Amino acid sequence: MRHLLTTLSLLLLSGLAHAGPAMEGAAEKQPLNMHAIAMFLVFVAMTMGITYWAASRTKSAADFYTAGGGITGFQNGLAIAGDYMSAATLLGLTAMTYTQGYDGYLYMLAFFVGWPCILFLMADRLRNLGKFTFADITAYRLNQGKVRTMAAVSSLTVVCFYLIAQMVGAGQLIKLLFGLDYNIAVIAVGALMMVYVTFGGMIATTWVQIIKACMLLFGGTLVMLLALSQFDFSYTKLVARATELHAKGFSLMTPGNLLSDPVTAISLCMGLMFGTAGLPHILMRFFTVTDAKEARKSVLYASGFVGYFFNVIFLMGLAAILIVGQNPEFFEGGVVGGKLIGGGNMVVMHLAKAVGGNMLLGFLAAVAFATILAVVSGLALAGASAISHDLYARVIKKGSATEASEMRVSKIATIGLGIVAIGLGILFEKQNVAFMVGLAFGIAAAANFPVLILSMYWKGLTTKGALAGGYAGLISAVLLVVCSKSVWVNVLGNPAPLFPYEQPAIFAMPMAFLAAWLVSKMDGSAQAQAEMEAFEDQFVRAQTGYGAAGAAAH
Amino acid sequence: MSSSVYARIRENPKFQELVARRSRYSWALSAIVVLVFYGFVMVVAFNPKLIGQPVAEGSMWTVGIVFGLLMFICFWLMTAMYVHRANGEFDNISQDVVQAAWKESQ
């Protein structure tokens, strides 16, 4: 049970991280679903049109990386919400509510609470100090070459692990929903992503995300309303009947053993909160808006949509207990209470079919595919900008690269990342990749977040301190995950884990902070002195936005 | 180029006040979110039974659902409060400070 929940928790972590659900074992191929394929083709046609339009507007590096900084707070809010409400959120959290009840709600709360804190402590400073990548902020007053190299290495590590989890999840999901072959599905996702990003850059990526978020909000709400209409829209009636039917009875509303161990509970919640604040593709979204005002608004809208949708998911999960759980049509061999057709993650798809027929099922399946595509595009863009903006333009060319050559490098990098993603996706087909999402989160929380927050808040941070903190976080997070059960036992086949917890954040984050603080304190060089003095100007810019990168004029 | 402007902004007492006020506000709101949420996680870890209790005898609304829903709503309202104050009051002061410093340096 415990193992199942840990696996599920990683799967759900991937939800936040927009990974497709990393389903265990090979998913069975389903018959071709024509409704879903037709609706997905409409989506692709629409987004290709947008990419064509976006390509004509993508002229400068600013257009490519950040849509020229011209996205409004509302649009960006929808796009962030689109990033956050992934296929794994939709499928995994509904399934979790269906089987575990209240645990699903707890997870959604943990996913949600990071956002207010990001707004209160980071949103303004991110927008006022950043330009294209979050390394712009960490390297603001520090040694450009070294700090950017470190930021690019950890960004690319996060992006690559994510991409693998995404691609494998995408292949499995598409095989299930559309009845397509795994390799074809992986290649299709990779190819479409390359087209969106290389031609349309951030403008196309943002609009794909916005459209997908609207489709998801609409589809989810419709399924919820249709399902609730069977219970006269009464929560009391729904819960009374669901708890009566469910094997867990009324304790469906009591937390299970998911968060029973305080160390795991806190570490998981820390990983969720601070990992989000260290994900390169999430941070990048803050640079797409006009100014700090719009950056704040985008968090307000995003958290509103996300909070709303989580409650919709919870209601769908409860309703599915009654509507899906009693219908032999959705069980293998028609045995109610047996194995669900397509596996546990298909609960919401079955619910859509039960309340809205094949049309609604097709629509929701198309939304799930679109979600994966949008998320993969955002990741590829974040990875490509780390290569072109940080490594190529600042480290290799030391700031002397022309804008045209920087953009060319980022497009080549996108294609490279796409090919790598397809290759790894095919290579890892049969692997359980759930741990990779945990790894990506651990690295984001331990390597990116501490250095980023210190560079914004602590005057005393020096280049040496930032490097020590970043690498300490990166290495300890990787080591802890490798020594944990999910890799040491499940992947490497050892009998017992070296490290008893699955979640590295509670241990790796303090190590990163400690290393950054200690090394900065011990750094008495003249360079360190100059870096500390430069904090004063940075601080004024962070507070007022004076000198911040503005929106490109069109 | 703008270092002198930065220095002028920094010396403006209104800027100091802006920084103090805004950081007080954002730290206070963050502290509320973190304390309430992690307090809740502690209850979940140490007294899960309480979370599943109905709020009233025979009610289908349980403590965990009501409290969770309240957290969703209140935390979101807090983001709205912050955005309202930061985009109005704080940004107005900040604009004044920047303009004053910019004019002086001309």
Side-chain angles (χ1 to χ4, degrees), chain A residues 73 101-102 105-106 108-110 112-113 115-117 119-121 123-124 234-240 243 250-262 264-266 269 273 291-294 296-297 299-300 303-304 307-308 310-311 314 536-541 543-547, chain B residues 1-3 5-7 9-10 15 18-19 22-23 25-30 32-34 36-38 40-46 48-54 59-65 68-69 71-73 75-76 78-80 82-84 86-87 90-91 93-95 97-98 101-102:
Chain A
Y102 191 71
Y105 206 59
L106 266 180
M108 294 189 260
L109 270 168
F112 178 77
V113 290
W115 282 106
C117 295
L119 170 70
F120 303 148
L121 299 176
D124 300 22
S234 158
Y235 176 77
T236 300
K237 207 171 199 172
L238 173 67
V239 173
T243 49
F250 203 74
S251 71
L252 187 67
M253 290 297 159
T254 306
N257 54 359
L258 185 65
L259 293 177
S260 55
D261 159 26
T264 306
I266 294 176
C269 293
M273 273 177 87
D291 50 26
K293 262 191 176 62
E294 297 298 312
R296 295 182 199 114
K297 278 194 218 161
V299 180
L300 176 66
S303 55
Y308 163 76
F310 280 165
N311 283 284
F314 185 65
E536 299 298 337
D537 282 356
Q538 179 198 322
F539 183 72
V540 174
R541 173 165 154 180
Q543 288 285 347
T544 60
Y546 182 75
Chain B
M1 98 278 161
S2 39
S3 210
V5 177
Y6 284 139
I9 294 176
R10 202 160 42 237
F15 173 73
L18 166 74
V19 170
R22 179 155 58 195
S23 64
Y25 194 50
S26 54
W27 282 109
L29 290 179
S30 310
I32 294 173
V33 170
V34 168
V36 170
F37 178 69
Y38 282 92
F40 177 75
V41 171
M42 286 296 123
V43 177
V44 168
F46 291 108
K49 286 267 177 303
L50 175 68
I51 301 290
Q53 297 292 318
S59 169
M60 286 300 137
W61 290 88
T62 47
V63 174
I65 295 294
L69 191 60
M71 276 197 278
F72 271 118
I73 295 168
F75 291 166
W76 188 75
M78 281 162 65
T79 66
Y82 179 82
V83 171
H84 179 75
N87 281 7
F90 296 151
D91 270 7
I93 303 176
S94 151
Q95 226 170 12
V97 173
V98 170
W102 194 76

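Just so we're clear, the structure is a prediction, and the values are computed from it rather than from any experiment.
- With a threshold of 4.5 angstrom between heavy atoms, A:Y308 does not approach chain B through any atom at all.
- With a threshold of 4.5 angstrom between heavy atoms, B:L50 does not approach chain A through any atom at all.
- Proximity to chain B involves both the backbone and the side chain of A:A110, based on heavy atoms less than 4.5 angstrom apart.
- Neither the backbone nor the side chain of B:F90 comes within contact range of chain A, judged by heavy atoms closer than 4.5 Å.
- Taking B:V33, B:V36, B:D91 one by one and counting their heavy-atom pairs under 4.5 Å with chain A, the maximum is reached by B:D91.
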Worked verdict on B:M60 versus A:F250 for side-chain contact (heavy atoms from CB on, under 4.5 Å) = CA-CA 9 Å; B:M60 286 300 137; A:F250 203 74; 3.8 Å; yes

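- When each of A:G307, A:C117, A:S303, A:S251 is checked for heavy-atom pairs under 4.5 Å with chain B, A:S303 comes out on top.
- Comparing A:T243, A:T544, A:L300 by heavy-atom pairs within less than 4.5 Å of chain B, the highest count is held by A:L300.
- The aromatic ring centroids of A:F112 and B:F37 lie 6.0 Å or more from each other.
- A distance of 10.0 Å separates CZ of A:F314 from CZ of B:F72, quoted to the nearest 0.5 Å.
- Chosen from B:V98, B:I65, B:V19, B:I93, the residue pairing most often with chain A at heavy-atom distances under 4.5 Å is B:I65.
- For chain B, no part of A:V299 is nearby; none of its heavy atoms comes within less than 4.5 Å.
- When the ring-ring contact (aromatic ring centres under 6.0 Å, His included) test is applied to B:W102, no partner is found at least two apart in sequence or on another chain.
- Side-chain contact between B:Y6 and A:E536 is absent, with no heavy atoms from C-beta onward closer than 4.5 Å.
- Between A:L119 and B:Y82 there is a side-chain heavy-atom pair separated by less than 4.5 Å.
- Looking at B:Y25, there are no atoms closer than 4.5 Å to chain A (heavy atoms on both sides), in backbone or side chain.
- If you measure heavy-atom distances from B:T62 to chain A, the contacts under 4.5 Å come from the side chain alone.
- The aromatic rings of A:Y235 and B:W61 are tilted relative to each other, their planes meeting at an angle between 30° and 60°.
- Applying the ring-ring contact (aromatic ring centres under 6.0 Å, His included) rule to A:F539 yields the partners A:F535; only residues at least two apart in sequence or on another chain are considered.
- Between A:P255 and B:P48, the closest heavy-atom pair is CD-O, 3.5 Å.
- Between chain A and the residues B:A80, B:S23, B:P54, B:G68, the largest count of heavy-atom pairs under 4.5 Å involves B:G68.
- With contacts defined as side-chain heavy-atom distances shorter than 4.5 Å, the pair A:D537/B:R10 qualifies.
- Among the candidates B:L69, B:N87, B:T79, the residue making the largest number of heavy-atom pairs closer than 4.5 Å to chain A is B:N87.
- When heavy atoms are compared at a cutoff of 4.5 Å, B:I9 approaches chain A solely by way of its side chain, counted from C-beta outward.
- A:T254 approaches B:G52 most closely through the heavy-atom pair OG1-CA, 3.4 Å.
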